[in-house]
Structure formats: structure tokens, C-alpha cells
Number of protein chains: 2
Amino acid sequence: MLTATHNQILRAIGASGPVTRTELVARTGLSKAAMSGLTRELIEAGLVHETDTVGGQGRPSAMLDMRPEGAYFIGVSMLTDPAIVALADLKGNIVARLTMPRDTDPERFAQDLGKVVPKLLEMVPAAREHLNGIGVALSGLIDQAQETCIESTLLGWKDVPLARLVHKAVGLPTYIENDAKALALSEKLFGSARDMQNFTVVSLGDGIGCAHFIRDQLHRGAHGGAGEIAHSTIEPNGLPCRCGKVGCLDTIASVYAQLALANDQGIEAKTLSDIETAATRGSAQAIALLHRAGNALGLAIANVIQINDPEMVLITHQEPAFSGLFATVVKQAIENNVLPRLSGRTPIRSQKLSDDVWARGAAGIATHNFLLGFN
Amino acid sequence: MLTATHNQILRAIGASGPVTRTELVARTGLSKAAMSGLTRELIEAGLVHETDTVGGQGRPSAMLDMRPEGAYFIGVSMLTDPAIVALADLKGNIVARLTMPRDTDPERFAQDLGKVVPKLLEMVPAAREHLNGIGVALSGLIDQAQETCIESTLLGWKDVPLARLVHKAVGLPTYIENDAKALALSEKLFGSARDMQNFTVVSLGDGIGCAHFIRDQLHRGAHGGAGEIAHSTIEPNGLPCRCGKVGCLDTIASVYAQLALANDQGIEAKTLSDIETAATRGSAQAIALLHRAGNALGLAIANVIQINDPEMVLITHQEPAFSGLFATVVKQAIENNVLPRLSGRTPIRSQKLSDDVWARGAAGIATHNFLLGFN
DNA sequence: ACACTAAGTACAGTAGGTGAACTATTCAAG
DNA sequence: CTTGAATAGTTCACCTACTGTACTTAGTGT
């Protein structure tokens, strides 16, 4: 069994890639003696291994890193139909994946999952005895305990205790999480925000999601609603939104909205690139549309920066690259709407979402809880 | 000397008013045995005392509470000229206060403070041996270490290591903090947010300030800029702001801006109440102005709620009451701009600022660090 | 070959907790 | 008024997880 200190060390290794014991001593504030014993135990448990030795003067130091095969987690993405069920190792590599129908009846879905998981384990038998948890990512509001879906418009759920149902069917520690928050977790654990304590992820897709890491933990908010920028008001007299309000960011800048607006104006577009192409060819409507959308997203991100002052903002996107007019306008709008003395100090990064990101993020929910010692 | 556990218990007592040992056991997760010994030590140290005993069936329980005379802190408010220097006890009562010129030369100010502090202590001699720290509240950006003022427009400062200077002159642990954050601290330690882990304070005064408590700690942000909603863009094509941007909340809804806008339009107003009175008498301009300001502030607060989903938002004000047209519009605007499924779930409270609040908040900076064990 | 440097380990000692049995102080029933 | 049940708080032996110090290990520089 792992103690809180074991977990602390695991998190430090996870955050700082391969590290020496001496570096871990500095980071955690533990003594060399304690570190020696605790790392040995982690190595014996198969969670950590020495990858390399680097030498300067004196005895060379051994680099410690997570051992991928040390623990496995199952990630379920309910963002698509069919849902994706993936088996990920401790470093977030997806070693097996299956799909299953996204039954919106929670009981049946949990039952189905109970049948799919064994199939997944057959594909990687070694994972069976190191399986440590299961995470489910879905769109909607999730409670603090990561147990109940308070509300999901997409799935038509209200107060569904999905984690309990899945736990009963699969028999593993189960945690559920909002999609944007799962994505942030994935970036924190495996991606470009590994060594950051405070950052924000904005996911640009059919909808717009957003999640914050604050002091090394996901910030859920009092009702699981932290990060719901998709429905912050950008145009006080704008278009009605399916949420019931008016002028939400979602009605202007989501990929879905942009495409709908484009097609309304006679620009044939199936992806954002199509609108960009039209703009490059001189379509005034396309240019105006991209400006409007970019300004909206930029303003919303500027608000996040002003309110939370993160170390970094990561914009994730589906298109091959975050470039072109839209990206330029977004960045410009952020710059223009952030306090001059703060602007430019907050790096804005962008990253294409790979196909596996959601499933990896879902597995990351379980990984995160494992590293926090919740099991 | 206090251990981390002592401090944890002190914080729990501070947050939950008079509490029984048994309740503390439940809150902290410590054993009865540990609690027994640790509370005795806190009582012996004079930091805690038994106030009352309440009985049901069984042995009556003793209520533990902070002992005001157990520790004293000095709070310096640089928000006014002259600056206010106050001596506060562990419960935030101000037991002595003096004023001193607000010299904007940091060295000289620290020197002056070095002379004022002994005078303050003469007024309450008992405080001398229990003095535990000094906090300075000022408007501007403060670094994470609460040591350096990164920038203050009001004082004309840039990268001023004020805490070091004051520490040298006064010889006490010194922390500096932004005014809005000090106010939030004051509410957390002594006010209406004692038992909350996540809340936001919005201070409406000549300027507009804002600060967040997240997971029981002040959220400063990567550059000390968390909460700077005064300069979030509300009207993309609005008035120029002294910050260099355009359409900032500050140019519409701060008391200063409202009064300036009113007088520009021929409404003679020295306080917000004067504008309210004009509105009551049917002045279309006054009504429009209050609507505009209220909508702006409401939208900004709605953004905070959507982004951080706090347990509560506290609006502090200078006027005798937060009522009238402006308050109504603010509340309505919050309601209108927050996701319907979240709105109404976030209590909006308001509170009049007393005269001592800033000095108490400044002292609270030191109290907070004392309770965190930083000294 | 030798000193020097830095990484990592062994081991006794210790601080800060736990669990179980105890005492203290009340209410309620007979 | 006694007795028992209920709850609060204390005592004490024990244990765990850490620290400090002295050591070993494994390289570099001369």
C-alpha cells in the first residue's frame, strides 16, 4: 500500500519527467534518507524505474521515471457515439481500445461497460493485475466527488450517480469528470502542462470547453461549473443560445456556430479551414465572420486571464493547425483585452487534439486520483 | 513553537467559531487522543480558550475559541493618505490605531513605520510580547511571496521590495498584499466567509477590486493579477481607460466613474445615493446611467461566476446600503448572464465597508500567514 | 594512483501521531 | 436517590514515518 508520501513522490516524478533522487529531495523537502527508502519501495512496487544515469563530477545520478507498465487505467469517453473505451498505462499510452454503443440509459451503459472491460483486458493480459481505476469523461456538470452527473444536456441526464453504477458493474474505483476538465488533466499528467501548477485549457471544438488547474489541482467550483465560458455573454444583444440566454460565446465562436453562420451566408464550409480559405480568397463575409468569432473567443480568454491570471493558457483545436486569420484575431483580441501590464506575460499555447485525447483524458481522471491516493 | 497540526487546528477553530474538541476531531481527521494534547498546548500558549460548556446527554462539551489576546498583528493601510496603522488582536478587533503620512518613497515610509509601531505598542503594552507580524495593504500587483510590489499606479511603484524594507525597519515578519485580496482575507478570517473554502469578494469603491479564495487559500495568480476585473472589457467600443485599454468595467461602474458620468450629464452627485435620488425623481439620464453601470458590474460578476463557480459572491460597498436601482440592476444582470442551470445557486451577498475594514484586512494578511505557520 | 566530489544507503533515534482503556459529567428511568 | 446509558475528554503504551549522521558507491581531474 502507498502512503501519502509515496504519492507525493509519484506526483513529483510525474510532473518533472525523469528526475534524480537528489532533485526529488529538493522538490519535496524530504530527507535523502527518506527518499532512498521510499523510491526503493516505489521501484519494488513496479511503479517507478531507473531509466538512465547521468554523470558530472561525483557519483552519477540515476534518473527515475514512471514505469508505464506499473499501473493501468481504463478511460471511457462518452463524447462520441459509439463511446470509446481505452486501456492506458501510467504514462498515458493507449495500449488497447474498443468502442461500445453510447446507451443513454445509465444502468444499461454501466452493464455494457461491465462486459467490454474484460474484452479489453484480454488484449493486454499483463494489465489485469495492475488495473487501478476507471474514469469516464462526459459533457455536463459533475459533482465534487466525481460520482454524480448533476446535469448533461447531451445525454439528457440529471443527477445520475454514474460512478456508483459503473463501480457496481466493473468493480473498480470509478470517477467521472467533465470533458474539458478531463482534457486539462490529460495535459497536466501527460502533456505540455506537466510542470505547471496554475493553467487554463480552452478546448475549441463543436462546443467550447474550459477548465482550470489551480495550485496543482483541478478547480471544479461549488457546483462543478467552473470553466463554463461557453455560455458567458459576449454580445449582450446577440443570438439566442440553446442554454436559454443570449449572445453566449458558444453562439459565435464554437466550430458548430461558425460553420452554421458561414453556411447561412452562402459560404460552403465543412471545417474551419474552408472558411479560412474563403477569407483568403477575399470573401468579405468570411473575413467578418472570422473576426467576429476570433474577437469573441479572445475576449472570453482575456476575461479568464484577468480573473485568474494563469501561468499559461492552452487552446486545443481539431484543425491541423491553429493559424490563419481566426487564430491571429484570437491572439490579438486577447492582447487587446488584457491589462497592458499583464498582457504578453501569459503564454498562449495551442495544440491539435489527437484522436486518442479524450480517451486518454478519461483514463487520466483515474490516474489523477491514483496519484492523489484516492483508492 | 507551533507545528503544522497546531496551525491546522487553529484554522479550524478560526473558521468554525467556538467549537468542541469532538467537532474538531471530525473536521481535521485527527484522533481524539491527539486533539486532547494539541488543544491543551494551544490553551497553554494562550492562543485558544474555553468559552462555554454546552450539555446534552452525556458529559457537556467545552467550546474552544480563539483567545483574542493570544496574538496581535499590525495592519497598515496605504489606501488613504494619511496611511492608517492599526493594532489588531487574534479575532480582528482593532485595539489601537494611529495615522502617518503616506510617503511614497518606500525607504522613508518603512523608516517612518519603524517609529510609529513603538508608539502603537505603548497604547496596548500587553500586545508587545505577543506581536506576531505586520501586514501592509496597498493597491497594485503584489508577487506570490507577498514581498514585492510589482507595480502600483497609485503609489508610482515598480518592483519595490517593500516587505524587506519594512522588516528591516520594524523587525517583524512582514507581508504585503493587494487591497482587494486583503479585504477577502478579512472576510475569511473575521467576516461572513469564515466557513467557506471558495468565494469571491468584489469591492465597489472609487475603483473596483476583486479577489478569490480557492480551496481555503487566496488565489494570487501567476503575476499577482488574479481578480483584476476592473479592467476587463465590458464595452468593446467604450470609453478609454487610464489603463490604456477601452471600455473597462472601471470606466463605467466604479463610484468614481459613475459620479463623473453623472456630473457630465448635469446631475449633481457627490455619492451614488445622489444619483439614486435623481433616478427616483424621474431623471432619465440618472436611470440610464445606473442601468448601464449596473449591467456592466453584473456582467463582470457573471463572468466570474461562470469561470470560477464560487460558493458565494460578496459585494462590498461604501454607501449605507446596497439597494436601489443600481443594486437591483446588478443582481438582475448577474441572473441574466449566468447559465440558467447555475443561476440562483450562487448567493450574492452585500456588505457595507466599515471604516476599519482596510486596516483590519491589512492586519489579516499577517494573521493569515500566522495561521498558515509562516513565521 | 590518488584525491575530490556528489549520489545514494544504513541505522539508530525521535516526533507526532494512533487505539484502546480509562475517567468525567451529564440526563433519564426506576 | 441510585443506577445505567450516553457523550466528552484524558492517559498511556505503542508504532510509523521521518530525520541526522556516518557511511558506501561511483564517477571525474590531475
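Excluded from the calculations below are hydrogen atoms, water molecules and symmetry mates; all remaining heavy atoms, backbone and side chain alike, are included. Below, chains carry the letters A, B, ... as their sequence lines are ordered, and counting in each starts from 1.
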Legend entry - Set of residues satisfying ring pair (Phe, Tyr, Trp, His ring centres under 6.0 Å) with respect to B:Phe199, sequence neighbours excluded: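 B:Phe199 satisfies ring pair (Phe, Tyr, Trp, His ring centres under 6.0 Å) with B:Phe213 once adjacent residues are dropped.
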Legend entry - Summary of side chain to side chain donor-acceptor pair (under 3.5 Å) pairs that have at least one residue in residues 34-48 of chain B, sequence neighbours excluded: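 Qualifying pairs: B:His6-B:Glu41, B:Arg21-B:Thr39.
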Rounded interatomic separation in angstrom, taking [atom1] from [X] and [atom2] from [N]:
| X | N | atom1 | atom2 | answer |
| --- | --- | --- | --- | --- |
| A:Leu42 | C:dG8 | CG | C1' | 16 Å |
| A:His6 | D:dC18 | NE2 | C1' | 12 Å |
| A:Asp52 | C:dA7 | CG | C1' | 15 Å |
| B:Asn7 | C:dG16 | CG | C1' | 15 Å |
| B:Leu38 | C:dT18 | CG | C1' | 12 Å |
| B:Met1 | C:dG16 | CE | C1' | 15 Å |

Legend entry - Check: B:Leu2 and B:Leu42 side chains under 4.5 Å, non-hydrogen atoms: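 With C-beta onward as the side chain, the pair touches.
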Inset, instruction - Please tell me if the side chains of B:Ser61 and B:Val54 come closer than 4.5 Å, counting only heavy atoms from C-beta onward. - result: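 The answer is yes, as the side chains (C-beta and beyond) meet within the 4.5 Å cut-off.
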Inset, instruction - Take nucleotides 6-15 of chain D nucleotide by nucleotide from the 5' end and write B, S or -, depending on whether a protein heavy atom sits under 4.0 Å from the base, only from the sugar-phosphate, or from neither. - result: BBBBBBB---
Legend entry - Residue mapping more 5' on DNA chain D - nearest nucleotide basis, A:Gly55 or A:Gly29: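 That would be A:Gly29.
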Legend entry - Under-4.0 Å salt bridge between A:Arg220 and B:Asp309: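 Salt bridge between A:Arg220 and B:Asp309, a charged N being under 4.0 Å from a carboxylate O: no.
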Inset, instruction - Report the residue from A:Asp216, A:Thr28, A:Leu372 that forms a side-chain contact (heavy atoms from CB on, under 4.5 Å) with A:Arg11. - result: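 Output: one option passes, namely A:Leu372.
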Inset, instruction - Look at all strands and tell whether A:Thr53 reaches a base, only sugar-phosphate, or nothing, counting heavy atoms closer than 4.0 Å. - result: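 Nothing, no heavy atom under 4.0 Å.
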Inset, instruction - Ignoring backbone atoms, test whether A:Thr3 places a side-chain nitrogen or oxygen under 4.0 Å from the OP1 or OP2 oxygen of D:dA17. - result: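 So the side-chain polar atoms of A:Thr3 never come under 4.0 Å of the phosphate oxygens OP1 or OP2 of D:dA17.
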